[in-house]
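Heavy atoms only: backbone and side chains are in, while hydrogens, waters and symmetry mates are out. Every number for a ligand or one of its atoms is a count from 1 in the order of the listing.
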Amino acid sequence: MGINVGGDDRIQDIVEAEHEVYEPPASVVESAHVQKWEEMRAEAEADLEAFWAERAGELEWYEQWDQVLDDGEAPFYKWFVGAKTNLVHNALDRHLKTWRKNKLALIWEGEGGEKRTFSYYALSREVCKFANVLKSMGVKKGDRVTIYMGRIPELVIAMLATAKIGAMHSVVYGGFSTEALAERIEDARSRVLVTADGGWIRGKTVNLKEIANEAVRRSGYVEHVITVKRTEQDVEMVTGRDFWYDDLLGLPVAEQRCETEVMDAEDPLFILYTSGTTGKPKGVLHTHGGYQVYISTTLKYVFDLKDDDRWWCAADPGWITGHSYIVYGPLILGATSFMYEGAPDYPYPNRWWSLIERYGITVFYTAPTAIRGLMRYGDSWPNRHSLSSLRLLGTVGEPINPEAWRWYHKVIGREKCPIMDTWWQTETGGFMITPLPVTPLKPGSATKPFPGIVADVVDEEGNSCDPNEDGYLVIKRPWPGMLRTVYGDPDRYVEQYWSRYADQGWYLTGDSARKDDDGYFWIIGRIDDVLKVSGYRLGTAEVESALVSHAAVAEAAAIGVPDELKGNVIHAFCILRQGVERPSIDKLKSHVRSEMGPIAVPAHIEYVDSLPKTRSGKIMRRVLKAQATGQEVGDISTLAD
Ligand code: WT7
């Protein structure tokens, strides 16, 4: 059906690994929370509401729900209608009533080797103090707080404090830059920004505060900026607007007690901006009730977390992986989570492996791009370390190629740790297509939908595809962790996700996939203009707008080109304005870096005289991509010239 432009390598991988089955080791099966995964899925599908109500029953609610699922205004679904809750009650408050009060909630190591730990009690105390600070600045239920910093404990504290008082957070990944941050502050209309003076990466500092100051100037909503001292670098502080985090925590208002705000299950918890097909990023909105049920259930069953585990999700809290599985999921389960600030290969390529050994990590979750990067340094780095504490591994963010999967399985997992390849999205809140520890695995397949998730691969008309036929990945029934809307733009929510299969009421994921003869799902890639670069999600539109914001650039087109290490890299084609001096390619790259951030910088930029367009003026990226990858251009009958 011609939807897999550039997906040829992936198809080859699928054909290669389709019949390579890894049975789970007996030790893993014996102790797993869920033994009969196929039965569980059948049960859940037979009565979705009963299945989710039972899961929700494992959490505490201030008041029970009257209705599990309300689909009266679909696709604006509501879950646990009528219930009163606050996710922070389940993540912190309820543990303080048990022995977990003294259990470690968070273990943190800085890039320079500093260590900090927080028991549930200590984390809750810090959260209360900061919550009181936010309140004293006038932040209340429904307000938005933007958070922009590196992987440090204050990021987690700020998120929880915001949620505790019923405000919504919008975390902006610390790798984004000025315009990306300004645009997100503006869309959320945040009056308060929490940031840091800087961050550490590969022994160098990142000037977060400088970027934040410029973004605040551009966006114009922020009244107060709270800055955490991390690098102690000199930064500009504006009197009346700017406060140091530590100074505020020393004030009498920063009391150690703070009531958790009682919320409706459907009240918003956070906005997280993610790239879409066109235009500016969308504010994906998640709520307190359904989200807490979904992420805690998926984490418990997929990674089989138990009280003696040490869980390490090596993502960044600035992305959904971090929201759901560094911060909220593990805390709801009362688990011990590890977080590391810096780069995996700093100062040496064994940094991660040494952390696993030193902290006795039992379950480790990362992205294919990181695995490929570390694989390139060779086996001797991991082989220096005892990784025997590990019992399960995971991956997320993009398809994993069988070669990297096998290396991860053999060299890191020592052939005894099943790999949970979890397919999901910012929009889905949590894992959607994923093995459980007992699932027989195939390298590169996310296997089957989680119990309660009804997924399929369909053609344009909505017919289920035959085995090994490529089609669109859709979700046919609602689930509690689903996004509720696009913040401030409900039409875009309907249009983007629910319009393609409006008659059937299915959710369009934006991915292509196929199922094999055993019903295993194989994700192929995006069908839209969303790129996955090193597992980071970016829109071609954002890269293009960063390029044309340079005074010399009149028009730009960006495409993704397959790359062995990063999955994809960006290639950009620019038309210059008449009569301007041609900027050097490096200048243009550094412009994109300072506007959008390092992840958006094209690997390759080319100046061209024209771009292939349809007669209606739309850029045909497909044509550029075919040229760049040396493939057949395909049907170009709509090309203007
Ligand atoms: C897109 C969503 C951080 C949570 C996931 C990233 C791709 C994600 C997998 C996987 C193949 C995957 C898809 C999806 N993707 N996980 N296991 N196998 N592809 O969330 O940044 O919203 O990106 O990531 O293309 O649509 P995200």
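When ring centroids are compared, Trp506 and Trp498 stay outside the 6.0 Å threshold. In this structure, Trp311 has its ring center under 6.0 Å from that of Phe303.
Near Ile320, meaning under 4.0 Å from any of its heavy atoms, are these atoms of ligand 1: 3 (C), 4 (C). Atoms of ligand 1 found under 4.0 Å from any heavy atom of Arg537 (numbered from 1 in listed order, with element): 2 (C), 21 (O), 22 (O), 23 (O), 27 (P). Atoms of ligand 1 lying under 4.0 Å from any heavy atom of Thr321, numbered from 1 in the order shown and given with element: 3 (C), 4 (C). For ligand 1, the atoms closer than 4.0 angstrom to any heavy atom of Asp511 are 13 (C), 14 (C), 25 (O), 26 (O). When each atom of ligand 1 is checked for a heavy atom of Ile523 under 4.0 Å away, the hits are 11 (C), 19 (N).
Both the sub-6.0 Å distance and the 45° axial angle are not jointly satisfied by Arg514 relative to the ring of Phe521.
Summarising the contacts of atom 17 (N) of ligand 1 with Asp421, Thr395, Leu272, the nearest heavy atom is found in Asp421. Among Gly397, Gly567, Pro368, Gly394, the residue whose heavy atom lies closest to atom 15 (N) of ligand 1 is Gly397.
Heavy-atom separations between Gly510 and ligand 1 are all 4.0 Å or longer. By the 4.0 Å heavy-atom criterion, Trp319 is excluded from the residues contacting ligand 1. Remark: distances from the non-hydrogen atoms of Pro399 to ligand 1 include one below 4.0 Å.
The side-chain heavy atoms of Thr395 and Thr422, taken from C-beta on, include no pair separated by under 4.5 Å.
Here Asn401 contributes atom CG and Arg406 contributes atom CZ; the two are 9.0 Å apart, rounded to the nearest 0.5 Å. Taking CD from Glu427 and CG from Leu508, the interatomic distance works out to 10.5 Å, rounded to the nearest 0.5 Å.
The distance criterion of under 3.5 Å between nitrogen or oxygen atoms is not met by Thr509 with respect to ligand 1.
Electrostatic pairing of Arg184 and Glu542 counts as a salt bridge here, judged by a charged N lying under 4.0 Å from a carboxylate O. Ion pairing between Lys515 and Asp456 holds under the 4.0 Å rule for side-chain N and carboxylate O.
With a 4.0 Å heavy-atom cut-off, ligand 1 is reached by no atom of Ile400. The parts of Gln425 lying near ligand 1 are both backbone and side chain, judged by heavy-atom distances below 4.0 Å. The parts of Trp424 lying near ligand 1 are both backbone and side chain, judged by heavy-atom distances below 4.0 Å.
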Tyr173 and Tyr536: CA distance, side-chain angles, deciding distance, side chain to side chain donor-acceptor pair (under 3.5 Å) verdict: CA-CA 10 Å; Tyr173 171 57; Tyr536 296 120; 3.0 Å; yes
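Atom 1 (C) of ligand 1 has as its closest protein heavy atom Lys532 CE, 3.5 Å.
Checking side-chain atoms of Arg372 against main-chain N and O of Leu565 turns up a donor-acceptor pair under 3.5 Å.
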